[in-house]
Amino acid sequence: MHQLVKEDSQFIVSTHSPILMAYPGATIYQLTGNGIHQIDYDKTEHYMLMKYFLNNTDQYLKDIGIDV
């Protein structure tokens with residue numbers, strides 16, 4: 001994908017992956033009941049959830065009912 005982007009190719013990718021969404025220069029659109037809106041990477045639910053999980057793993061596991 002990276003090589004093709006260098007050659008001016010474009011991609012439409014549907015993903016929940018915060019890693020794929022972090023691709024440099026990506027434009028991210030969020031689909032909601034109110035339509036389609038452009039959103040900043042760090043404002044996506046997937047980014048915020050992953051960040052919370054990585055920074056607070058034990059608390060996240062407790063939040064979902066797993067004893068740690």
Side-chain angles (χ1 to χ4, degrees):
M1 188 165 90
H2 184 67
Q3 184 61 38
L4 290 171
V5 168
K6 286 182 181 181
E7 297 171 14
D8 294 326
S9 295
Q10 296 181 349
F11 293 84
I12 296 174
V13 178
S14 176
T15 185
H16 292 93
S17 169
I19 295 169
L20 285 178
M21 284 190 271
Y23 190 85
T27 301
I28 302 171
Y29 293 97
Q30 182 175 17
L31 285 67
T32 69
N34 296 323
I36 301 172
H37 307 281
Q38 190 171 337
I39 187 170
D40 292 335
Y41 170 67
D42 60 350
K43 302 291 188 253
T44 65
E45 280 185 55
H46 302 87
Y47 170 85
M48 291 187 289
L49 178 62
M50 182 62 72
K51 182 177 179 181
Y52 179 76
F53 174 75
L54 292 173
N55 290 329
N56 306 282
T57 304
D58 288 347
Q59 184 59 51
Y60 178 84
L61 293 173
K62 289 177 188 175
D63 291 347
I64 62 171
I66 298 174
D67 294 324
V68 291

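All values reported here derive from a predicted model rather than from experimental measurement.
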State the [atom1]-[atom2] distance between [X] and [Y], to the nearest 0.5 angstrom.
X	Y	atom1	atom2	answer
Leu20	Ser14	CG	OG	10.5 Å
Ile39	Glu45	CD1	CD	8.0 Å
Met1	Tyr23	CE	OH	5.5 Å
Gln30	Lys43	CD	NZ	12.5 Å

Counting only heavy atoms from other residues, nucleotides and ligands, does the tally under 6.0 Å from [atom1] of [X] exceed 12?
X	atom1	value
Gln38	CD	yes
Leu4	CG	yes
Gln59	CD	yes

Would you mind listing the cluster partners of Tyr60? Hydrophobic ones only (ILVMFWY), side-chain contacts under 4.5 Å, chaining allowed.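 Cluster partners of Tyr60: Leu49, Met50, Tyr52, Phe53, Leu54, Leu61, Ile64, Ile66, Val68.
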Side chains of Ile28 and Asp40: does their closest heavy-atom pair fall under 4.5 Å? no
Residues at least two apart in sequence or cross-chain that pass ring-ring contact (aromatic ring centres under 6.0 Å, His included) with Tyr41, listed by chain then number, are Tyr47
Go through the structure and list residues passing ring-ring contact (aromatic ring centres under 6.0 Å, His included) with Tyr29, not counting sequence neighbours.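 In terms of ring-ring contact (aromatic ring centres under 6.0 Å, His included), with neighbours along the sequence ignored, Tyr29 is linked to no residue.
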Nearest heavy-atom pair of His16 and Met21: which atoms, and what distance?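 Where His16 meets Met21 most closely, the heavy atoms are O-CE, 3.8 Å.
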